[in-house]
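Below is one structure, written out as structure tokens; comments come after it.
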There are 2 protein chains.
Amino acid sequence: MSEQIDKSEKTTNEGSSRRRLPPKERRQQIIDEAVRFFAEVGLSGKTRDLAKRLGVTQSLLFNYFATKDDLLEAVYEKVYLGRLSADWPERLTDRSVPLRARLLAFYQEYSALIFERHWMRIFMFSGLAGADLNHRYLKHLGDVIFRPLLDETASLAQSDVCPTMEDIWNLHGGIVYIGIRQHIYCMPGPEYPEEPIAKAIDKYLLLFGIPHDA
Amino acid sequence: MSEQIDKSEKTTNEGSSRRRLPPKERRQQIIDEAVRFFAEVGLSGKTRDLAKRLGVTQSLLFNYFATKDDLLEAVYEKVYLGRLSADWPERLTDRSVPLRARLLAFYQEYSALIFERHWMRIFMFSGLAGADLNHRYLKHLGDVIFRPLLDETASLAQSDVCPTMEDIWNLHGGIVYIGIRQHIYCMPGPEYPEEPIAKAIDKYLLLFGIPHDA
DNA sequence: AGCTTTACAGATCATGTGATCAATAAGATT
DNA sequence: AATCTTATTGATCACATGATCTGTAAAGCT
């Protein structure tokens, strides 16, 4: 009879019995769900709610992460890591390709990576919380993307308007704001983000009189 | 002797005795400090910490606001209200003034209003929390600012590029991102925001071939 | 000065929350 | 099948947190 009960419990969705997973696997499972969870409810989300989503006990979380902050650190890393391909700096400075093509390629790929609900919200939450990873990421972005981009622009600028770092920020901000509208403010966005992105890039190039094939 | 103790306590900064304030005044005092407080630590800030800042007991807060959510509502209203001057719609559509001058005037004033730590952060926190006021504000912005702006732009556009709402969003996002960098990401911003703002506007006009005096 | 009103403080409740630990059972090994 | 290892649970602790309630004293009035 107890066997019958056990079987019925096994068919019950998820609530059945404890399932043992290899530590590595369970750890990943926790992190993956934690990303979705904290991205939705914010960094002050409760560990009990996260555990409920995972279908495990709250105490299990503390078997894999000493503190909640440690778990959040893992979430940050999971989200931040690999968000910036290492080959972009060279591709952005490859002068055998027109600057416009380089900018288009970069922002098409980059936007595809960051216009994602989890990333956008975790980034904003951690930014508001003053997380260190946030500052480091932006510093990194400035070093490997914006600085080279400014140099490339300056070397091609035809108009009398001198490109500054603020121009790069304006280009970047205008594009990123598409994602902010969608995932932070939860507003409808453009059907094809590629279009406004391309337009933003063309507007940028036009300001400095840089032709499309330069 | 007890009198002496009383006197020494009175000289103690703030921790002395209870000070009776008129309810209206106290309520305003609470709201004002709550704005600063929640803008800094987030909407999950604790009522006890807020009370400590005010130099009153935590229970007093609940004498003025039935729940913490009520207090937050008051904070929202305080921050959101009056952020959009009512006369902007007409000023933006006053065709006796060049569009460039109108845009400059608007964004100079608007940026002065919103590039403020409290507003920026409360807006972002409430946006992430999905607050209704947030959506209403953005809807309002679209109705009374963006829509007219699009019409004005379309009526003056000379180039073959057709202005869309996404172009307005790009102009707006690029400018607002200056404030996001400063107050959300806590990065250094431009010394004079007027300069990059003006440049963003000129870039926008240039895309549609609109001369400065049109 | 004495009285009344009520803004305020202090204690307290009920629940929430991060974290701990001994007991248990799932799955591998023999 | 019996045994061992350890991933997982359930109970629990200590403290935090929103909210309540009663008593107190500060200001206004007579």
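Letters A, B, ... mirror the listed sequences (proteins, then strands); counts begin at 1.
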B:Y204 side chain to B:N170 side chain, donor-acceptor N/O pair below 3.5 angstrom | no

Residue pair A:N134 / A:Y80, side-chain donor-acceptor N/O under 3.5 Å | yes

For B:A34 and B:L71, work out which heavy atoms get closest and say how close.
-> CB-CD1, 4.1 Å

Looking only at heavy atoms, what is the nearest atom pair of B:V97 and B:A101, with distance?
-> CG1-CB, 3.6 Å

Does the separation of the ring centres of [X] and [Y] fall below 6.0 angstrom?
| X | Y | value |
| --- | --- | --- |
| A:W119 | A:Y137 | yes |
| B:H118 | B:F38 | no |
| B:F125 | B:Y76 | no |

Given atom [atom1] of [X] and atom [atom2] of [N], what is their separation to the nearest angstrom?
| X | N | atom1 | atom2 | value |
| --- | --- | --- | --- | --- |
| A:N63 | C:dA23 | CG | C1' | 14 Å |
| B:F62 | D:dT17 | CZ | P | 12 Å |
| A:L72 | C:dG18 | CG | C1' | 12 Å |
| A:L60 | D:dA11 | CG | P | 16 Å |
| A:R19 | D:dT6 | CZ | C1' | 17 Å |
| A:E25 | C:dG27 | CD | C1' | 14 Å |

Nucleic acid footprint by protein, nucleotides 11-17 of chain C - heavy-atom cut-off 4.0 Å, B for base, S for sugar-phosphate alone | -B----B

Within less than 4.0 Å of OP1 or OP2 of D:dT8, is there a side-chain N or O belonging to A:R26?
-> yes

Give me the distances for all protein-to-nucleotides 2-6 of chain C N/O pairs that come in under 3.5 Å?
residue	atom	partner	partner atom	Å
C:dT6	O2	B:R20	NH1	2.9
C:dT6	O2	B:R20	NH2	3.3

Across all chains, not counting sequence neighbours, the ring pair (Phe, Tyr, Trp, His ring centres under 6.0 Å) partners of B:F106 are B:W88, B:Y110

When we call it a touch if two heavy atoms are under 4.0 Å apart, what does B:Y64 touch: a base, just sugar-phosphate, or nothing?
-> sugar-phosphate

